[in-house]
Amino acid sequence: MAGTRNEIRFILNGADVALKDVAPDATLLDWLRLNRSLRGTKEGCAEGDCGACTVLVGKLGGDGLVYESVNACIRFMGSLDGTHVVTVEHLRGNGEKLHPVQQAMVDFHGSQCGFCTPGFVMSLYALWMKTPDPSNAAIEKALQGNLCRCTGYEAIIRAAHAVSSYGKAAKDPLALERKDITARLKALRDGARVEVGSGKARLVVPADVDDFAAVLEKEPGATIVAGSTDVGLWVTKHMRDISPAVFIGGLEGLRTMLEKDGVITIGAGVTYTEAFETLSKHIPALGPLVDRIGGEQVRNMGTIGGNIANGSPIGDTPPPLIALGAQLTLRKGKKRRTIPLETFFIAYGKQDRQPGEFVEAVHVPVPARGAKFAVYKVTKRRDEDITATLGAFYLTLAKDGTVADIRIAYGGMAATPKRAVAVEKALIGKAWNEATVEAAMAEYAKDFTPLTDMRASAEYRALAAKNLLLRFYVETTGTKAPLQVSRSEAA
């Protein structure tokens, strides 16, 4: 480690920024609007849902300089060290012309009240730079995290298709300036730990993973911030004090992925976006699930390690990873231990993590040849919604058609992500047929006592969980089977 630095450094649009006075809970949105008067970035929801605050953040990695759309409302200033922040004010066309994305939005009537428009423009800008001629599916995916309450989306989708008729992505200023920005960002990398503030009211950006381990050993009560898609809401919605905060999203040692001998090792800092290609390739059922986690901005920020570490009973990744038999590596100082992921979750808000210990990596076995694996997420709306219940199923059949092994895990059904052990026992060794499945459904009451909340009633959750097992059976056999219904529906 090359010493300690007392300021965070990044590039804002075209200017170098160095900040020595920034609070651990200061958000990028507030700083842009209040300190730099860049008010094109709007606050709509303050929780990463509506996309009105969308900006681009460019970061260096294995693929060079990559720009991603992010939610400025829940992005903390401490996470920006060594990045390039781009706001809507930085967009420009040739001469006095509007930027191609902006002009397309004007010509195709993609704006009405205009409040959400800068966010849509920035999301489409990120898409256009990666995919100048996007499909409808690509556009819809890019806009999952942007909500419009008055215009509707058809006009915006037409504008997205037309952007390249107004200009070429390869000639965009961000493309032309890429080498210069890359060199400037590399120059900011001095290998130092960043510490801003004093006492408890400070933020820390470790120099590397070893330095992170040392920081956390010394201060085990610090708040670890990776993607801030949860911690951001602790501040904006719950007004929680997160000081001191340790920002780890930029640690390259936690952003590695490796597939070896049928196991995918995912560093705790790998984002959903970064993990998508590898997971989709080796475990296809996980691709559609990742696509439904938040919007594009959330997936660009949120990490798989963070989704596990916070222990939420409705986190989307733990149930399928538990069903797959994943292992978790925890680290404290220089010591590591690896445990089955399912044992990490002890009770609501309690995980098997010692003071000063952190999640370093998760190891996910690729399904064996012939095994059947599926994940089903139930929500009120399809995209960008929090899970009501989620079921994950991993099945191995014997040659005679009986169940050799089955692992079933759920989210939203208990205080932690949890396996349906009684249901599994009722299935193992039995013929994989409708009678066996229907008989096993009676065992759900032994495994789960779900709660009623704003997302679903206890009765709905219990019924949905059973029907997900039936759905899995139907999809793995091609057999038609009626879904179970509640008494009120049957009446």
Side-chain angles (χ1 to χ4, degrees), residues 1-12 16-32 35 55 57-61 65-66 68 70-72 74-85 184-232 234-235 241-256 267-271 274 300-303 305-306 309 331 333 356 358-360:
M1 186 179 77
T4 301
R5 171 164 40 96
N6 67 346
E7 62 183 16
I8 60 171
R9 301 171 182 170
F10 60 96
I11 302 171
L12 172 64
D16 292 329
V17 176
L19 299 177
K20 293 183 178 181
D21 183 16
V22 57
D25 59 358
T27 65
L28 174 56
L29 173 64
D30 285 347
W31 184 80
L32 289 173
N35 295 72
V55 300
V57 171
K59 61 184 181 182
L60 294 175
L65 176 58
V66 176
E68 296 177 324
V70 304
N71 295 120
I74 54 172
R75 183 72 181 244
F76 294 113
M77 297 298 293
S79 70
L80 299 176
D81 194 64
T83 68
H84 182 202
V85 178
R184 290 167 65 183
L185 291 179
K186 286 182 177 179
L188 295 179
R189 292 183 162 185
D190 57 2
R193 175 195 296 177
V194 178
E195 290 200 30
V196 177
S198 60
K200 182 183 177 184
R202 74 186 196 283
L203 66 85
V204 180
V205 184
D208 51 32
V209 180
D210 290 339
D211 188 39
F212 170 41
V215 168
L216 205 59
E217 260 200 313
K218 185 177 180 181
E219 199 141 16
T223 301
I224 302 172
V225 184
S228 70
T229 55
D230 275 321
V231 179
W234 296 359
V235 171
D241 180 10
I242 62 169
S243 304
V246 182
F247 293 89
I248 64 169
L251 300 184
E252 291 188 6
L254 294 178
R255 291 170 55 193
T256 59
V270 174
T271 66
E274 292 166 341
N300 289 337
M301 292 168 56
T303 66
R331 177 174 174 180
F358 62 93
V359 173
E360 187 172 45

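Positions are given from 1, in the same order as the sequence printed here. Remember, it's a predicted structure, so these values are computed and weren't measured experimentally.
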Measure the [atom1]-[atom2] distance between [X] and [Y] for me, rounded to the nearest 0.5 Å.
| X | Y | atom1 | atom2 | result |
| --- | --- | --- | --- | --- |
| Asn71 | Met301 | CG | CE | 6.0 Å |
| Asp25 | Thr223 | CG | OG1 | 10.0 Å |
| Asp211 | Leu216 | CG | CG | 11.0 Å |
| Leu254 | Thr303 | CG | OG1 | 9.0 Å |
| Leu251 | Asp208 | CG | CG | 7.5 Å |

Determine the minimum heavy-atom distance between [X] and [Y], stating which atoms define it.
| X | Y | value |
| --- | --- | --- |
| Gly302 | Thr229 | N-CG2, 3.7 Å |
| Val359 | Ala268 | O-CB, 3.2 Å |
| Gly356 | Pro220 | N-CB, 3.3 Å |
| Lys59 | Asn300 | NZ-O, 4.4 Å |
| Pro24 | Ala245 | CB-CB, 4.0 Å |
| Leu185 | Leu65 | CD1-CD1, 3.6 Å |

Would you say that [X] contacts [Y] through its side chain, given a criterion of any heavy-atom pair below 4.5 Å between the two side chains?
| X | Y | result |
| --- | --- | --- |
| Arg193 | Val215 | yes |
| Leu19 | Leu80 | no |
| Ile74 | Thr27 | no |
| Phe76 | Leu203 | no |
| Leu32 | Leu12 | yes |
| Arg9 | Asp190 | yes |
| Val196 | Met77 | no |
| Glu360 | Val209 | yes |

Salt bridge check: are Asp210 and Arg331 linked by an N-O gap of less than 4.0 Å?
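A salt bridge links Asp210 with Arg331.
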
Under 4.0 Å between a Lys/Arg side-chain N and an Asp/Glu carboxylate O for Glu195 and Lys218?
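So Glu195 does not pair with Lys218 through a salt bridge.
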
Determine, step by step, whether Arg75 and Glu68 satisfy the salt bridge (Lys or Arg N to Asp or Glu O under 4.0 Å) criterion, reporting the C-alpha distance in whole Å, the side-chain angles of both residues, the deciding distance to 0.1 Å, and the verdict.
CA-CA 13 Å; Arg75 183 72 181 244; Glu68 296 177 324; over 6 Å; no

Listing request: all ring-ring contact (aromatic ring centres under 6.0 Å, His included) pairs with a residue in residues 186-227, at least two apart in sequence or in separate chains.
Phe212-Phe358

Trace of the side chain to side chain contact (heavy atoms under 4.5 Å, CB included) decision for Trp31 with Val85:
CA-CA 12 Å; Trp31 184 80; Val85 178; over 6 Å; no

Quick one: does any side-chain atom of Arg202 pair with a main-chain N or O of Gly199 as donor and acceptor, under 3.5 Å?
yes

Please evaluate residues Glu219 and Val204 with respect to the criterion side chain to side chain contact (heavy atoms under 4.5 Å, CB included), reporting the C-alpha separation (whole Å), side-chain torsions for both, the decisive distance (0.1 Å), and the verdict.
CA-CA 11 Å; Glu219 199 141 16; Val204 180; over 6 Å; no

